[in-house]
Number of protein chains: 2
Amino acid sequence: MPDACDGCSNDLCLRNVPLFSSLQRDAVHALTSEMEHHRYKKGEIIVREGEKASAFTVIREGSAKAYRITPDGREQILYIFPVNDYFGARFLFTEERVPYTVEALEPTTVCTLSKTNFENLLAEHSQVAIEIIEAMANRMSRLENAMQSMGGRNADMRIASLLLEFKESYGHYNGNFLEITLPLSREGLANYLGIARETLSRKLTQFEEDGIILAVGNRVIRILDLAKLTDLSYLVD
Amino acid sequence: MPDACDGCSNDLCLRNVPLFSSLQRDAVHALTSEMEHHRYKKGEIIVREGEKASAFTVIREGSAKAYRITPDGREQILYIFPVNDYFGARFLFTEERVPYTVEALEPTTVCTLSKTNFENLLAEHSQVAIEIIEAMANRMSRLENAMQSMGGRNADMRIASLLLEFKESYGHYNGNFLEITLPLSREGLANYLGIARETLSRKLTQFEEDGIILAVGNRVIRILDLAKLTDLSYLVD
DNA sequence: CTTGGTTTGTGATTTCAATCACAGAATAAA
DNA sequence: TTTATTCTGTGATTGAAATCACAAACCAAG
């Protein structure tokens, strides 16, 4: 059982969470006092698929992956939740059971809000409800894009799309170089894309040969030719 | 330009739409008077990808498909909207542009509500907002399932899953036979699944040989062995 | 009922990705 | 720094689905 996170409890730790940006300072403070705080090590399970959904969860530090185990034993990753992202709004509304397992990708702290507190929050702050709808809408856009790209027949396109997607959340400049610090191992990336790890490796090697990217160790990819990558994401041919 | 639908305008035509089931009779009546009504022939475009999103749309009769054209020229179908379903709630919130083209699959009538009227509706009837969140949540579940199944490596599983999904909306009994009247041609089904039409044909033939289904003409599939179909949807091997 | 355009099934072939197997690289720990 | 373990790249092979090509079946309109 993970430790409680006390470094957070008397601080306005939710200040930076976009979802709550519309709230007044004291409302955030009140909210914080209602939340529980937990700390997880890398690889620990935050919620497990099939459990009763009980809380709305905000990622305060670290990041997590949400996945299901497919019938043939593969791990299909559905979402990556970066810092300040959250999950659980949706299945508090409609489902009893959590639809996927959420696992910490690194040392991670989360704040959780019980179902009733969450419902009160929505009732009292309609702006938060609207922001949740917007966030759900964005997530749906992502799923639709993912679906389109997974329907796509070739792996290059899917990989290029993924790199561009990760660039948004995990891209940064190292000197003049645009680099992505990947949140997942090659195996994880492959599971996210629904392809074999070996295929991913081969394709990335090919991207390197084509001068599009450069792998810097296992977790960093430097983008050398963004235009070409964008082309690939549209059409490989 | 499609004709206006006048058979609907002074009737409580939205009575049967689940989304509005929480509204009082007179609220529905008021709503109806604010809606525009349009009629489309099979194949006509209701909204086109990239247009400015301007209205919330309810399918009153008929059905429609929502799709994007992928860079390699394929049509990737994202949703099928059956009678009484609706679309547009989501992109009124967040996006200026419609993320997919919606096309009538058969003679179809729709009712549309302008952005401002829709916003007023939500403001006055918070229950509708909650039902929209729930509907979005359900659609996300479907997308997540679709994503899992598209990540799945074999086509049999995807096809079996699709048949079971369609059974919910399009299944009916013909005598003792459970039958699905397909909303799409084989080509459409293949585009929905992201596989080649020929592959779909071959697999369906194989399903017939295995005594799982029986194709009755081009648009009806009779399910002979639901248990086997369910097995397939989990794992082919 | 006939007719003509459209949709569908199926054989032959090709292509792309999965799988198996293993060595080399990277990373974390002592 | 060294060592142990996990992660990654790559060759060989297999396998599943895409593609090409065309005939048969379907269905809607006279």
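Convention: sequence-line order gives letters A, B, ...; per-chain numbering from 1. As the structure is a computational prediction, the values presented were derived from the model and not from experiment.
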Inset, instruction - Can you tell me the distance, in whole Å, between the NZ atom of B:K203 and the P atom of C:dT8? - result: 19 Å

Inset, instruction - Take the angle between the ring planes of A:F87 and A:F81 and call it parallel below 30°, perpendicular above 60°, tilted in between. - result: parallel

Legend entry - Integer-rounded Å distance: D:dT6 P and A:R186 CZ: 19 Å

Inset, instruction - Kindly point out which of C:dA18, D:dC26, D:dA18 is positioned nearest to the side chain of B:A196? - result: D:dA18

Inset, instruction - For the side chain of B:N218, starting at C-beta, report the closest nucleotide among C:dA18, C:dC20, D:dC27. - result: D:dC27

Inset, instruction - Looking at every strand, decide which applies to B:T205 at a 4.0 Å heavy-atom threshold: base, sugar-phosphate, or nothing. - result: sugar-phosphate

Inset, instruction - Look at the side chain of B:R202 and decide which nucleotide, out of C:dG11, C:dC20, D:dC27, has an atom nearest to it. - result: C:dG11

Inset, instruction - Just call it for A:K42: base, sugar-phosphate, or nothing, with non-hydrogen atoms closer than 4.0 Å on any strand. - result: nothing

Inset, instruction - Give the minimum heavy-atom separation between A:E49 and A:I69, together with the two atoms involved. - result: OE1-N, 4.1 Å

Legend entry - Rounded interatomic separation in angstrom, taking CG from B:L189 and P from C:dT7: 13 Å

Inset, instruction - Decide salt bridge (Lys or Arg N to Asp or Glu O under 4.0 Å) for B:E144 and A:R90; before the verdict, give the C-alpha distance in whole Å, the side-chain angles of both, and the deciding distance to 0.1 Å. - result: CA-CA 13 Å; B:E144 285 164 4; A:R90 177 183 130 228; 2.7 Å; yes

Legend entry - Donor on one side chain, acceptor on other, A:E165 and A:Y192, under 3.5 Å: yes

Legend entry - Gap between atoms CG and P, on B:L193 and D:dA17 respectively (whole Å): 12 Å

Inset, instruction - Can you tell me the distance, in whole Å, between the CD atom of A:E187 and the C1' atom of C:dA26? - result: 16 Å

Inset, instruction - Measure up the B:F166 and B:Y170 rings against each other and bin them: parallel (under 30°), tilted (30 to 60°), perpendicular (over 60°). - result: perpendicular

Inset, instruction - Can you figure out which of D:dA21, D:dT8, D:dC26 approaches the side chain of A:S185 most closely? - result: D:dT8

Legend entry - Side chain of A:S201 (C-beta onward), nearest among C:dT10, C:dA18, D:dT10: D:dT10

Inset, instruction - Would you mind reading off the distance between A:D156 atom CG and C:dA17 atom P, rounded to a whole angstrom? - result: 6 Å

Inset, instruction - State which of D:dC20, D:dG9, D:dG11 makes the closest approach to the side chain of A:R197. - result: D:dG9

Inset, instruction - Grab the CG-P distance between A:L184 and D:dT8 for me, whole Å please. - result: 10 Å

Legend entry - Separation of C:dA17 C1' from A:Q206 CD (nearest whole Å): 13 Å

